[in-house]
Amino acid sequence: MVFLNPLLLWGLLAASVPIIIHLINRRRHKTIQWAAMQFLLKAARESRGKKKLRHILILTCRTLGVAALAFAAARPIVSGLLGWGGGSIDLVVLILDRSASMEAKPGDGLDSRRQIVLDKVREAMADLGSARLVLLDSATVQPQDVPSPEVLAELSGAAATDTAADFPTLLSRAVDFLTETPGRAEVWIASDLQTSNWRPTDERWAAARAALTTLPQRPSLRVLSITGATAPNNAIRLLGSRRSGDELLLDLEVLRAEDSRGSTTVPLTTNLDGARTTETLTMPGQSLRFQKRVVLPAGSESGSGWLSIPADGNPRDNAAFFAYGPARPVKSLVVSAPGEAANYLALAAAPPGFGNQSSEIVAPAAFASMGTADLAAIVWAAPLPEGASATSLEQFLSAGGNVLFVPPGSASTTAFLDMRWTAPADAEPGKFLILKDWNHTDGLLRDGVDGTPIPADRMKAIRRQVPEGDAAPLAVWEDDEPFIVRRVVDRGTAWFMGSIPDYTWSNLGDADVLLPAVQRMVAAGADRFDASYLATLGSDVTRTLPGETRVRLDDYGTPDPSNIANESGVFRLGERLLAVNRPIEEDAPEVIGREGLDEALEGTNYTLLDQAGQADDPSLSRDIWRAFLIATLFFLISEALLCLPKKSTTEVLPQAPKVEA
Amino acid sequence: MKYDFLDNALLSRLGSLPIESRVPMMGNVAGKHRSPHRGSSVEFAEYRKYVAGDDTRRLDWKAFARSDRFYIKEFEADTNLRAYFVVDASGSMNFAGKGEAKIQYARRVAASLSYLLVNQGDAAGLSVCTDKLHLEVPPSRRAAHLDRLFSTLGKVEPSGETGLLGALHTIAEKISQRAFVVILSDLFTDPVGLGDALQHLRYRKHDISVFHLMDPLEIGFEFDRPHRFVDLEDGTALVAEPSLIAEEYKAALRDFLTAVRAKCHDAAADYQLVTTDTPQEPLLREFLTARLPKSKH
């Protein structure tokens, strides 16, 4: 709390006037010779206590009334950030959420949440006077002294970014800083409370809280949340990118606000190496997933571009960047004994018409001697590998390859990755083995980008082998035995599918299930060749290596050169071409709310200053002199009520004779 | 004026009102007050049967002629009245708040009534009491006696604690014949003890009147600032904020007055609470009028 007219605080001395008058009055008593002393003594004995308390209350009301008047005259200002106890702080550590979601605007024509909170902090710091301000922003996670609150918004460390925020790390870093910086400090966390940034269940919170309690002077923790409604906003994000010959396949998603109703059209601008095209998307719901095929210029080895939607409530989520490299043949290997199943699998790995895909069938015994570095995927339809084959396969998996294991067709006790096949089992006579359920959002049988499900329920099997071991089931038979399981090995993935595309086993070869499953597995394996062109902001690959320089290649928007490392775009890092996009979790609208905060900051006695719905409030500081004036009135009225004479008992005294003169 | 507590004009206006006794008196000379004895005045009292030894001159021969029985005709015996004025001269009687000092008011009342009594042929005496002093002027009917009584009243200087209760008991013991006892005091004493003293007087068949003298300030207790109260009797001092204790003070005073009034009522005493700002003429006029017998009023 600060005062606009602090000199008038000298008026507080007037609060002592009632006490002084009281003391003087007590000393200025008049002496009187008194006869009815016996009643006086009795009254004096009985009046102690209640009457004395009343008298003290009257005196207190007078004193507080004058004091409140003096406070009101001094024009006190209380800041929503500072509250009542913020008057003597040596240091303020501002943890600033610079994530992309903080660029959302509370309304048309208003500043972004980040700018609003910076303004509020600046005003609050002005109230604080000479307190030191240290900025700890979510993008760099490095404490930075702010020379003056006035320049806070102009610092590159407070500028907009496309990054995500990691609050457990930020709080730990703040505690580390406070450990080295003694003094009475406060930690202000300015954020939109996005759940993906706060991660309330993250185990690191416990360590951060524990570290906070060990500080010699425990700082106050204030969370300034900027939540609530935002201006209408659409977002576009790139889910995946893959070059297929002379085409670039871009898996895209356009999002609308959760409360959007009806269909709408969104113009989509595509920029490929400087050439722009615009098309109109029709969005029937709140999100639209689709695959966009971008035809690359003939003979193009590599290039980049971006896709954008018009500016709206958040300018940071209107573009998705991509880059591509030379086309690579997608090679797959089917390790199996020759036969119907091997042919089906080879066909599924390289269907006719996919010119850059090829597949080869090799016998298990020949696998160990083959190179796997240029393979996108391997289909292993043989007893699980052992020895050199197993080693080679593990190396392939660790390097990011994908391997689909199908049953060998005979009982085997061999284990690979601690996985093994059960013995072949037939369905009951006259009945088929049918899939009961499968994961529609993840795995080989996930729905298409347009939401079309894989018709896996059409698959009928009469024989199966069930994969056993520690793996995540993604599809299960009716008896809950797994049909497809996944085992992640370093950067690669091993898939186990419990039937064979052979008419003596199942109709898996009918392509309803086998083709999409194998193609996805192959695509996932091939992504590791294309993935080097795409990155998420904040990941390790987006950092420059020694000797590399960062050069932005795209022409989208108005890049901030001082903030280039925290912006999405297409960059050349040394020899690397990299399209960097914001983390997709930044588009998630979920906020943690009070309960989540309580969980994350349990035991820290934090103060939540919720500014939801007050985005147009120009300041957190409030002039509260009226409150003191009301307090003055309250005290004076209370004093008057206490001073009111009680109903006199004189009337009940026996009356002296009333006689006529 | 020799005595400042005497008001000749007042006395002359009150002179037409007799002072009556509410109980038969036993004076030693004839007077205008009823006596418990039957006598030969003109006031018929009753018939009674003749018994041997009765004065035959008092036989009602007309009644004998009508009834053939002997009846003695009895008449009221009138006698004079002896009044004792008991004036409390304790220190508290010296208090003068809004009115005059209580002792001065007592002087006025005692002197006026004494004058009226002697003037109508009755005897008036005076008893001034403190805890240390007990002045007494025996009752007398002579006009010259009044000067002595007034002189004694004029010399009274209130001081010390009250000796009222002792004085009342002394008077009750000492006066053998029925008398009119007028008590002038602020009665700042134990109401129970006061009740005992009044009962003692009542037992001796005295006619008792109590003038309870209070200053208006003592009743209203209206002060606007803290005061240091010094006891007039023993010098005890107390600093107090009157506004804070007024309620309790008035409650205590109310209890006291109620108790005193009850004690007087129990002893059939004529009780009057008088504030010292009350004019004397209406006070005395009402007092005298109230004592007139109903038949004569």
Side-chain angles (χ1 to χ4, degrees), chain A residues 17-63 639-661, chain B residues 90-97 102 186 188-189 212 214-221 223 225-234 236-258 260-261 272-275 277-279 281-283 285-287:
Chain A
V17 170
I19 299 172
I20 292 171
I21 290 175
H22 169 73
L23 294 175
I24 289 176
N25 267 347
R26 279 189 68 86
R27 293 185 66 83
R28 284 183 59 207
H29 55 252
K30 190 177 176 183
T31 299
I32 184 173
Q33 299 291 319
W34 189 249
M37 204 66 181
Q38 61 191 93
F39 315 120
L40 200 59
L41 291 170
K42 186 178 180 189
R45 277 197 305 274
E46 292 179 356
S47 70
R48 286 171 194 155
K50 186 172 67 175
K51 287 291 177 61
K52 200 164 185 176
L53 175 66
R54 184 162 167 251
H55 196 66
I56 289 171
L57 283 176
I58 290 171
L59 200 58
T60 305
C61 283
R62 288 173 181 165
T63 304
E639 188 263 356
L641 292 175
L642 286 167
C643 285
L644 278 179
K646 287 196 171 181
K647 190 176 180 182
S648 174
T649 56
T650 308
E651 291 78 11
V652 300
L653 281 173
Q655 292 297 302
K658 297 293 179 190
V659 291
E660 297 297 328
Chain B
S90 63
S92 63
M93 287 294 284
N94 219 7
F95 180 71
K102 287 184 275 188
D186 53 15
F188 287 160
T189 185
H212 189 177
M214 294 286 287
D215 191 275
L217 191 61
E218 289 177 326
I219 292 180
F221 201 63
F223 297 94
R225 54 192 285 192
H227 276 70
R228 180 170 175 265
F229 297 91
V230 179
D231 195 342
L232 279 164
E233 295 187 357
D234 61 9
T236 308
L238 173 71
V239 177
E241 171 65 76
S243 62
L244 290 182
I245 60 172
E247 198 171 323
E248 285 76 11
Y249 171 87
K250 289 178 180 177
L253 181 61
R254 184 179 62 240
D255 293 345
F256 168 73
L257 293 178
T258 304
V260 166
R261 183 184 288 271
Q272 292 202 81
L273 174 62
V274 184
T275 52
D277 59 345
T278 307
E281 181 173 353
L283 170 73
R285 188 177 293 280
E286 184 166 304
F287 172 72

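Residue numbering restarts at 1 for every chain, and letters A, B, ... go by the order of the sequence lines. The basis for the numbers below is simple: all heavy atoms, side chains too, and nothing from hydrogens, waters or symmetry mates.
If you measure heavy-atom distances from B:Ala237 to chain A, the contacts under 4.5 Å come from the backbone alone. Within the 4.5 angstrom heavy-atom criterion, only side-chain atoms of B:Asp255, from C-beta onward, approach chain A. At a 4.5 Å heavy-atom cutoff, the contact between A:Lys42 and chain B is made by side-chain atoms alone. If you measure heavy-atom distances from A:Gln38 to chain B, the contacts under 4.5 Å come from the side chain alone.
B:Glu218 approaches B:Phe188 most closely through the heavy-atom pair OE2-CE1, 3.6 Å. Between B:Asp186 and B:Met214, the shortest heavy-atom distance links the atoms O-SD, 4.4 Å.
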Does the side chain to side chain donor-acceptor pair (under 3.5 Å) test come out yes or no for B:Thr278 and B:Thr275, once each step is laid out? CA-CA 6 Å; B:Thr278 307; B:Thr275 52; 2.9 Å; yes
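For B:Glu233, there are no salt bridge (charged side-chain N to carboxylate O under 4.0 Å, His left out) partners at least two apart in sequence or on another chain. Not counting sequence neighbours, the partners of A:Ile24 by the side chain to side chain contact (heavy atoms under 4.5 Å, CB included) test are A:Ile20, A:Arg28.
The candidate with the highest count of non-hydrogen atom pairs below 4.5 Å against chain A, out of B:Glu248, B:His212, B:Lys102, is B:Glu248. Most heavy-atom pairs under 4.5 Å with chain A: of the set B:Asp234, B:Leu217, B:Thr236, this distinction falls to B:Leu217.
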